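This structure is a prediction, so every number in the text was calculated from the model and none was measured. For reference, positions follow the sequence shown, starting with 1.
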Amino acid sequence: MKNGKIWIQTVVIWILAAVFASPLFLVLINSFKTKGEIMNSAIAMPSTLYLGNFERIMTEGSFVPSFLCSLFVVVMTTGLTVLVSAVTGYALARWDSRLCTVILLVIMSTLFVPFQVYMVALIVVVRNLQLVNRLFGLILVYLALGMPVPIFLCRSYCVGMSREIEEAAIIDGCSNGRMIMTIILPLMKPILATVAVLNALWVWGEFLVAFLLYGNGKPMTLPLSQRYFFGTYSNQWNLVLTNFLISSIPIVIFYLVMQKHIIKGIAAGAVKG
């Protein structure tokens, strides 16, 4: 009976895996087709491994500048998010006060407000600050929108950290800044790796905020660059899918490298608080 249940669970898991992987499989096979082949049948296997799409993406389009732009935005946003959320989460974890609880509730309450509610107000504020169509403005908005969950995870993780090491460092004459950089941040490595992965996955593929606040900026981010493959009378699906395939490779590699920290960090941050 037990072996039968395990066999059924295995079959169900493989079926679900096939369902979720099927869109990625279609992207893969259609990247090696011409536009005519895709129009004839999007689910058929390619007759030949056509590499012209990859050549056009890399040479004719704006893929390389857009790739570098997205990479810069992700690195800057993720680095700032990790640093700010780590320091803020640690401060909220060590600050025993009712005001601290109020601040944490205010930060977390932003998660319950849909983006569409304050979207127009956000655009007006960014425009008044003259940050529209500027990478610096886009990075600041990403940083602000992505703060609540990282702060919550870091704060919850720090609550479960022992204070003896910090007290010993203070007795030895270590300053607060040095203690955070040399002791606290290394101890927070699992949760900070989780924050970095979650933030990078979001920023790399984010379109709406970039379109609203950086729509006409140059160079474009990768999600913004893909909209130029769609026209009024025709869509270049072969280039769209090829662009998507190439764009997904770096973030998938990053996820595979960091995946061992994700479950560990999320579990620790969620349970310790």
Determine, using the 4.5 Å side-chain heavy-atom cutoff (strictly less than), whether [X] and [Y] are members of one ILVMFWY cluster.
X      : Y      : result
Phe54  : Leu26  : no
Val124 : Leu138 : no
Tyr50  : Phe63  : no
Leu208 : Val113 : yes
Phe25  : Ile15  : no

For residues [X] and [Y], determine if any side-chain heavy atom of one lies less than 4.5 Å from a side-chain heavy atom of the other.
X      : Y      : answer
Glu37  : Ser47  : yes
Arg56  : Leu239 : yes
Val117 : Pro114 : yes
Val11  : Ile8   : no
Ser247 : Ser70  : no
Leu145 : Trp202 : yes
Ile103 : Trp95  : yes
Trp14  : Gln9   : no

Closest non-hydrogen atom pair, [X] against [Y]:
X      : Y      : value
Leu241 : Val27  : O-CG1, 3.6 Å
Leu185 : Leu192 : O-CD1, 3.9 Å
Cys158 : Arg94  : O-NH1, 2.9 Å
Met58  : Val64  : O-CG2, 4.0 Å
Lys33  : Met45  : CE-C, 4.0 Å
Phe152 : Met108 : CB-SD, 3.5 Å

Straight-line distance of [X] [atom1] to [Y] [atom2], nearest 0.5 Å:
X      : Y      : atom1 : atom2 : result
Ile57  : Asn238 : CD1   : CG    : 8.0 Å
Asn199 : Thr194 : CG    : OG1   : 12.0 Å
Ile251 : Leu71  : CD1   : CG    : 9.5 Å
Thr34  : Asn40  : OG1   : CG    : 8.0 Å
Arg127 : Leu212 : CZ    : CG    : 10.5 Å
Glu206 : Leu222 : CD    : CG    : 13.0 Å

For Val195 and Cys154: C-alpha separation, side-chain torsions, deciding distance, then whether side chain to side chain contact (heavy atoms under 4.5 Å, CB included) applies.
CA-CA 9 Å; Val195 169; Cys154 290; 4.3 Å; yes
Check the pair Ile249, Val252 against side chain to side chain contact (heavy atoms under 4.5 Å, CB included), reporting the backbone distance first and the verdict last.
CA-CA 5 Å; Ile249 294 176; Val252 169; 5.9 Å; no
Check whether any side-chain N or O of [X] sits under 3.5 Å from a backbone N or O of [Y] as a donor-acceptor pair, and report yes or no.
X      : Y      : result
Ser156 : Leu153 : no
Ser22  : Val19  : yes
Tyr157 : Leu187 : yes

So does Met181 have more than 12 non-hydrogen atoms from other groups sitting under 6.0 Å from CE?
no
In this structure, are over 12 heavy atoms from other groups packed under 6.0 Å from Ile43 atom CD1?
no
Do Ser31 and Asn53 pair up side chain to side chain, a donor and an acceptor below 3.5 Å, judged on atom types alone?
no
Given side chain to side chain contact (heavy atoms under 4.5 Å, CB included), test Trp237 with Asn30 step by step and report yes or no.
CA-CA 8 Å; Trp237 287 109; Asn30 285 296; over 6 Å; no
Val209 and Phe115: side chain to side chain contact (heavy atoms under 4.5 Å, CB included), yes or no, with the steps?
CA-CA 10 Å; Val209 176; Phe115 175 73; 3.8 Å; yes
Only one of Pro219, Ser62, Ser225 passes side-chain contact (heavy atoms from CB on, under 4.5 Å) with Cys69; say which it is.
Pro219
Parallel, tilted or perpendicular, judged at 30° and 60°: which one describes the rings of Phe207 and Phe211?
parallel
Could you point out which residue of Tyr142, Phe244, Phe67, Phe254 forms a ring pair (Phe, Tyr, Trp, His ring centres under 6.0 Å) with Trp204?
Phe67
